[in-house]
Protein chains: 2
Amino acid sequence: MSADRAAPTIVDVARAAGVSKSLVSLAIRGDVGVSDATRTRILAVADDLGYRSNVLARGLARGRTQVIGVLVSDLSNPYHADVVAGIESRALDAGLGTVIGHGRSRPEVLAARLDQILDLGVDGVIVVSAMLAAEALDAAATRRPLVMVGRPFTQPRRVSVVRNHDERGAALALDHLLSLGHRRIVHLASSRRAAASARRHAYGEAMTRADLPATTLWVDEGGTAALLAASGTPEGPTACFAGNDRTAAALLHDALDAGLDVPARLSIVGYDDAQIARQVRPGLTTVAQPREAIGREAARLLLSRIDGDRDTVEVTLEPSLTVRGTTAAPC
Amino acid sequence: MSADRAAPTIVDVARAAGVSKSLVSLAIRGDVGVSDATRTRILAVADDLGYRSNVLARGLARGRTQVIGVLVSDLSNPYHADVVAGIESRALDAGLGTVIGHGRSRPEVLAARLDQILDLGVDGVIVVSAMLAAEALDAAATRRPLVMVGRPFTQPRRVSVVRNHDERGAALALDHLLSLGHRRIVHLASSRRAAASARRHAYGEAMTRADLPATTLWVDEGGTAALLAASGTPEGPTACFAGNDRTAAALLHDALDAGLDVPARLSIVGYDDAQIARQVRPGLTTVAQPREAIGREAARLLLSRIDGDRDTVEVTLEPSLTVRGTTAAPC
DNA sequence: CAACGCCACTGGAACGCTCCAGGAGCCCCT
DNA sequence: AGGGGCTCCTGGAGCGTTCCAGTGGCGTTG
């Protein structure tokens, strides 16, 4: 099938338009110094021939590919999808393409993908994963500008960080519960990672501020069962702030199974506004991160780094509270 | 910061090892015709210098980048994530990298991303999206080998297709309901797209085979309400086969809201074994597609096309039934 | 011992683009 | 009339690879 004939190059266009290849290059990139008449002619010819500029050749010659990479640990996590959407929209505004690498939640795969994306010649990388090893992150950052999403501390210098303000989010959740009249509020934690710790500490501080005792229960230590058992008793907790929506949803599930009325006997607040928060019944009250905005901000930081800005910064964005059906005044 | 010094090239390695750049190239690619002693020396030097081969230059010179592209319409769809995981694992086995493009469920974005991925110089593309316009698909297929996942008909020749056997899946669902003793089974459809049609037709055929009347209700025509109203009556349906899990979950939700006992008064079977099937209560009985296997098969087909195989084929893989809590014998 | 074949290695062209130094033509000013 | 400064355009070098046609040395063979 002759349609497989080699793709037209800049030289083909130049020949067909009767100009030099340099001029075609200038015209296509929209450079000044090309007369309008010639430019339109060249573009028409290019279009006619079905010319597409070869990114590989351009990247090789310019040292820039106009493509940024995004490394994601878990594709199926809607949080990641939204952040990626934000990144893409901002990149597109700047005329850059985006490719995504998928780490399948495994540190070694993640590191390999990161290398592979960099090898492809992207101009910069945004890492949306808390799981990437610090050394891999550091090594990558010496190769290209790198922006990290979500990890609360800038371990290596040279990387910028965008994250949601977990402390403030936890405070939002607790203010909500406190204003409903809850006093015996426990925290259900399932992870010791950075974001989870920030939320846990913020919980502790909010309780201290309100002069109330703080109690953290761990899922992997049977915390859920302990919580459910206690919440029947007169002195038991009337509300629970969970470290994330998955944990909250599981708790809700178990509570309903145990015949405990939610929210009448136990109020539950999650964190993340994940899809599951809308799917459970009653709907989960939760703290929402500004996911697209986080992505857009990450892209903005990366673009400025690509343009030569050497400063690495840490940006935190404000979360908000979404009230659904799992919170009410204690009865 | 002096770590930003230019990355070492093959020439640097050659100079450091005291050989020609051609020999370095051969050694690194594992070509024959390099003595063992020289090869190990070259590799050691390369490693020492932190040499990484430049994919852009290699792609330009060879016309092959050793990277395949995957175009996905919706990142957050776990179905897609699993297919991608399958693709990646197979590609990795063959020593190829993978980049993902994200179409955000919008045909025009999808088409633009596809072009962009192709521009990047990937050796082939796998499209995991039913939404891509046929023309865009066709245009892409003339540029590189292309494999389509999920769309049941090969519209343009030149593309291979991997899909789940929707007809057989629907038959599995109906066999299950029939063997439970159901006789009045309706189909609830929400889409007229290809996969949905295949399931709908298979429903009709299965009913005909069993000598039972087939009734298809459409969600967008108030089918859900009609179904719920009818299922109370003596002659009303005792079971429903939904076109996908989302539809099934919504039906389940409405049925429970209406005070209808599921599965006692109404059995429900979905399709896809999406995450939601596990999250609703009771868990949804559904047809599961072999998602990773589909991805692996797609990658296998693509690789053989890349290696010069000109045949385009259509492969269907067998689905399986996952029985959960929404099906029981009619009472 | 000359001829041959094979092995290990080399140098340069090519891939498709960008960038740079420079050239032709034109208008304006002195 | 001569020069200066535009604007519009050109040719060639260079980006880091791969590929191809050799080259030289060595062992085998008639």
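These figures come from a predicted structure and were not determined experimentally.
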inquiry  = Give me each pair satisfying salt bridge (Lys or Arg N to Asp or Glu O under 4.0 Å) with a member in residues 54-71 of chain A, each pair once, sequence neighbours excluded.
reply    = A/R64-A/D307
ask   = Got a sec, which residues hit salt bridge (charged side-chain N to carboxylate O under 4.0 Å, His left out) with B/D12, two or more places apart in sequence or on another chain?
value = B/R15
request  = Using atom CG of B/L60 as one end and atom P of C/dC17 as the other, report the distance to the nearest whole Å.
outcome  = 9 Å
key: Nucleotide range of DNA chain D lying under 4.0 Å from chain B heavy atoms   = D/dG16 to D/dC19
key: Qualifying residues under side chain to side chain donor-acceptor pair (under 3.5 Å), relative to A/R104, sequence neighbours excluded   = none
query = Taking CZ from B/R62 and P from C/dG16, how many angstroms apart are they, rounded to a whole number?
reply = 15 Å
key: With sequence neighbours excluded, residues passing side chain to side chain donor-acceptor pair (under 3.5 Å) with B/T9   = none
key: side-chain N/O A/R58 vs C/dT18 OP1/OP2, d < 4.0 Å   = yes
note = By side chain to side chain donor-acceptor pair (under 3.5 Å), B/R41 pairs with (sequence neighbours left out) none
task = Just report the end-to-end axis angle for the helix from C/dC1-D/dG30 to C/dT30-D/dA1, five pairs per end, to 10 degrees.
result = 60°
inquiry  = B/R106: which residues meet the salt bridge (charged side-chain N to carboxylate O under 4.0 Å, His left out) condition with it, sequence neighbours left out?
reply    = B/E108
With a cut-off of 3.5 Å and sequence neighbours excluded, list every side-chain donor-acceptor pair involving residues 110-132 of chain B.
from, atom 1, to, atom 2, distance (Å)
B/R113, NE, B/H102, O, 3.4
B/R113, NH1, B/Q116, OE1, 2.6
B/Q116, NE2, A/T98, O, 3.2
B/D119, OD1, A/R52, NH1, 2.8
B/D119, OD1, B/R143, NH1, 3.4
B/D119, OD1, B/R143, NH2, 3.0
B/D119, OD2, A/R52, NH1, 2.4
B/D123, OD1, B/T65, N, 2.8
B/D123, OD1, B/T65, OG1, 3.3
B/D123, OD2, B/T65, N, 3.4
B/D123, OD2, B/Q66, N, 2.8
B/S129, OG, B/M131, N, 3.0

ask   = When you measure from the side chain of A/R39 to the backbone N and O of A/D31, does any donor-acceptor pair fall under 3.5 Å?
value = yes
Which residues share a salt bridge (charged side-chain N to carboxylate O under 4.0 Å, His left out) with B/R296, sequence neighbours left out = B/E292
ask   = Of all residues at least two apart in sequence or in a different chain, which pass the side chain to side chain donor-acceptor pair (under 3.5 Å) check with A/S35?
value = A/T38
Sorted by number, the residues of residues 14-46 of chain A with heavy-atom contact under 4.0 Å to DNA chain D = A/V19, A/S20, A/K21, A/S22, A/L23, A/G33, A/V34, A/S35, A/T38
